[in-house]
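Down below is the structure, laid out as structure tokens.
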Number of protein chains: 2
Amino acid sequence: MKKVTINSVASYAGVSKKTVSRVLNNEPNVSDATREKVLKVFKELDYTPNPIARGLAQNRSFIIGCIYDNPSKSYITRVQTGALAACQENNYNLLIHPCDLRGDALISNIEHLLQSSRLDGLVLTPPFSDFKVLVDFLKSKKIPYARVASAVLEDDSISVRSNDEQGAFEITEHLIKLGHKAIAFIKGHPDHSATEQRFKGYRRALSTHGIEFNERLVEEGNFSYHSGVDSARSILDLTPRPTAVFASNDYMAAAVLKLATQRQFKVPDDISIAGFDNAPIARHIWPGLTTIAQPVEEMTKQAVTKLIEHIGDPQEQPYQVTLEARLITRESTAQVR
Amino acid sequence: MKKVTINSVASYAGVSKKTVSRVLNNEPNVSDATREKVLKVFKELDYTPNPIARGLAQNRSFIIGCIYDNPSKSYITRVQTGALAACQENNYNLLIHPCDLRGDALISNIEHLLQSSRLDGLVLTPPFSDFKVLVDFLKSKKIPYARVASAVLEDDSISVRSNDEQGAFEITEHLIKLGHKAIAFIKGHPDHSATEQRFKGYRRALSTHGIEFNERLVEEGNFSYHSGVDSARSILDLTPRPTAVFASNDYMAAAVLKLATQRQFKVPDDISIAGFDNAPIARHIWPGLTTIAQPVEEMTKQAVTKLIEHIGDPQEQPYQVTLEARLITRESTAQVR
DNA sequence: CCGCATTATGACACCGGTGTCAGGGTTGGA
DNA sequence: TCCAACCCTGACACCGGTGTCATAATGCGG
């Protein structure tokens, strides 16, 4: 198998390599006849341009980096799926880069990543999407970036999110409509902006329906299963016991369910449990969790698509979109008795 | 921020760029004085070589591809973690590439991937690790590859696995020692070599302990939660009902647990359930699943490390290692009553 | 049919490194 | 003391594309 380069194509087609390059890039000012001739040779020789050489000449890598520090493997996988879809459509590659938000080396870590991999752009996923230090750093370095599931919208960037506040409102309202009044809430990780958003939605639903907010019903979690266990313990020990628990994500909700089951409570008869995210576990356990589904793949795909457009044409407008979240009711919530 | 290239380093240090290149690559035949001088300039100018230019000159991309078609997100994440660790240590990048094993376009899909991304090597994860068509293709194209968790060892390749057969043996034996004699078995996806291995271990444990193999206790699954539900239904309908179920992975085991719970069976009092893989769900449900833990990250890391070594030096020896799996007992298995 | 604007094409340098090879300086053995 | 062998070093071509610019070919109005 001989290597097929632009030179072989050029000589085979009887044109200069610059002309071949023009055809490759769909540039104007190539006669139809020449274009067709070259395209035919592409097929005949089964030519694929070398992205590395291209990258060198254009000072690009055709690689997008995806930064994350997220305990939920299913979330990460969904993010990757969406990002990959966008990359494949645009002949880009995706580089994944897990890292510590809290590590003091974060910025230098990212700086090194950018230097050594020459990424064309970065996708920030929670909790980085709203991490000001990082965003400011990227801005100052003029590194193109897109944010997924950020809470704060800015005017001059690419950001695709879903409505966490509204989702939390709806699921809380769902519980209220089932007759629940004492609804415990488990917060997420403080570094994630979703934590605050979901809490807001919970409170808004309460006040909309004239239920007084009770601080004692709120527990601090961090999105991990383990933190859910701790919070669940406190909540189940309360007197009077709340009739429902809304955990900020499904892992913590699963923890509540596990502890409740261990203590011989019937879910949802004795206590209703709701989660958030529609993680796989929500339907893998019994009873299945009532939860909120977000279009994670779609968010990420849009963000990456726009990011790639922006890299190709930096004049591109900012892009700010909010997609809808959806309530999914399963067996873990029921009418209060 | 001006760009720092090899040229600027060279002129700043007062040497030729070839000498700088020598220092970069730790080549011999550079005087200590010169080497130190150049290294100092590296620091002063904060120079990072451009991997793209390097790649062009050496016809390498410094990118490893990771191929998978696996329903378990946690497994994929673990694979990625291990692969990334190896890549980072060696200044390589990881490109992830999910694809369909069964798609008839698989080979051309991979071929296109290789052509267009110029990967230096490929990591095959289950079910690709034992997919002969693909392995033969890579061999014929002389693409370096490493296999993770393959069942079959070959003499001339890199392969790191864990002992599925032994793991299945141990967990079955664990059930037998608890007094179980009627142990149902749910098979995995037929495309995965682990499926056969785990089945073998199950049968070996039975025969070792003088329990007759009963075909009616074996259900065909495919590693998915959903297939677990179907299998569970058949198993729970059997008369007499088996006292234990060993599912080939944790998702299917979780499905058995869910269905059993729905039907008001007590686990483990009425029926013991065991899984395989130690997926997160195994400890997120109640009762926690007895299962087998495999060192997935470690396997992948070793495989990728060896793969990169092999790319750097194709004379490198083959590498075939089997790591141990470990029994983890939780609450889902108990003495038969 | 001429002059000018426009289109089509190629020559050549360049992106930032590495491979090859030649030449000058040292070292060491005869 | 002389020459071979070896160590350092740099000039230069090259990897496979793209950008710039000059030039040839074509179109078109007058």
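Here the side chain of Leu24(A) is nearest to one of dG10(C), dT18(D), dT9(D), namely dT18(D). For Ala57(B), the listed nucleotide lying nearest its side chain is dG17(C); candidates were dG17(C), dG19(D), dC21(D). Checked against dG19(D), dC8(D), dG16(D), the side chain of Ala53(A) finds its nearest nucleotide in dG16(D).
Proximity of Ser21(A) to the phosphate of dT18(D): a side-chain N or O atom is located under 4.0 Å from OP1 or OP2. Neither OP1 nor OP2 of dG16(D) sits under 4.0 Å from any side-chain N or O of Tyr47(A). Checking the phosphate oxygens (OP1, OP2) of dG10(D), a side-chain nitrogen or oxygen of Thr19(B) falls inside 4.0 Å. Phosphate proximity of dT18(C) to Asn25(B): present, with a side-chain N or O under 4.0 Å from OP1 or OP2. Dashed line: the shortest gap from a side-chain N or O of Lys18(B) to OP1 or OP2 of dG17(C) is not under 4.0 Å. An OP1 or OP2 oxygen of dC8(D) is reached within less than 4.0 angstrom by no side-chain nitrogen or oxygen of Thr34(B). For dA8(C), the OP1/OP2 oxygens have a side-chain nitrogen or oxygen of Asn29(A) closer than 4.0 Å.
Rounded to an integer number of Å, the gap from CG of Asn7(A) to P of dA11(C) is 12 Å. Across the protein-nucleic acid pair, Arg35(B) atom CZ and dC7(D) atom C1' stand 13 Å apart, rounded to whole Å. Rounded to whole angstrom, the span from the CD atom of Gln58(A) across to the C1' atom of dA13(C) amounts to 16 Å. When rounded to the nearest whole Å, the span between CD1 of Ile52(B) and P of dT18(C) equals 14 Å. Between Lys3(B) atom NZ and dC15(C) atom P the separation is 8 Å, expressed in whole Å. When the P atom of dG17(D) is taken as reference, atom CG of Leu56(A) falls 12 Å away, rounded to whole Å. Summarising the geometry, the separation between CG on Asn59(A) and C1' on dG16(D) is reported as 16 Å, rounded to the nearest angstrom. Rounded to an integer number of Å, the gap from CZ of Arg60(A) to P of dG16(C) is 16 Å.
Between the side chain of Arg22(A) and the base of dG19(D), no donor-acceptor pair of N or O atoms lies under 3.5 Å.
Ring planes of Phe42(A) and Tyr47(A): tilted class, angle from 30 to 60°.
Side chain of Asp191(B) to backbone of Pro127(B): no donor-acceptor contact under 3.5 angstrom is found. With hydrogens and angles disregarded, a donor-acceptor distance shorter than 3.5 Å links the side chain of Ser129(A) to the backbone of Val148(A). Judged by distance alone, the side chain of Ser8(B) and the main-chain N or O of Val4(B) form no donor-acceptor pair under 3.5 Å.
The two residues Val135(B) and Phe128(B) make their nearest non-hydrogen contact at CG2-O, 4.4 Å.
Among the protein residues, Pro51(B) comes within range of no part of the nucleic acid, since none of its heavy atoms lies under 4.0 Å from any strand. Counting any heavy atom pair closer than 4.0 Å across all strands shown, Val15(A) reaches sugar-phosphate atoms only and no base atom.
If Gly14(B) and Glu27(A) are placed on DNA chain D by their nearest nucleotide, the residue sitting closer to the 5' end is Gly14(B). Along DNA chain C, the nucleotide nearest Lys17(A) and the nucleotide nearest Thr5(B) are compared for position; the residue whose nucleotide lies closer to the 5' end is Lys17(A).
Tyr92(B) pairs in a side-chain contact (heavy atoms from CB on, under 4.5 Å) with only one of the listed residues (Leu307(B), Thr305(B), Ile64(B)), which is Ile64(B).
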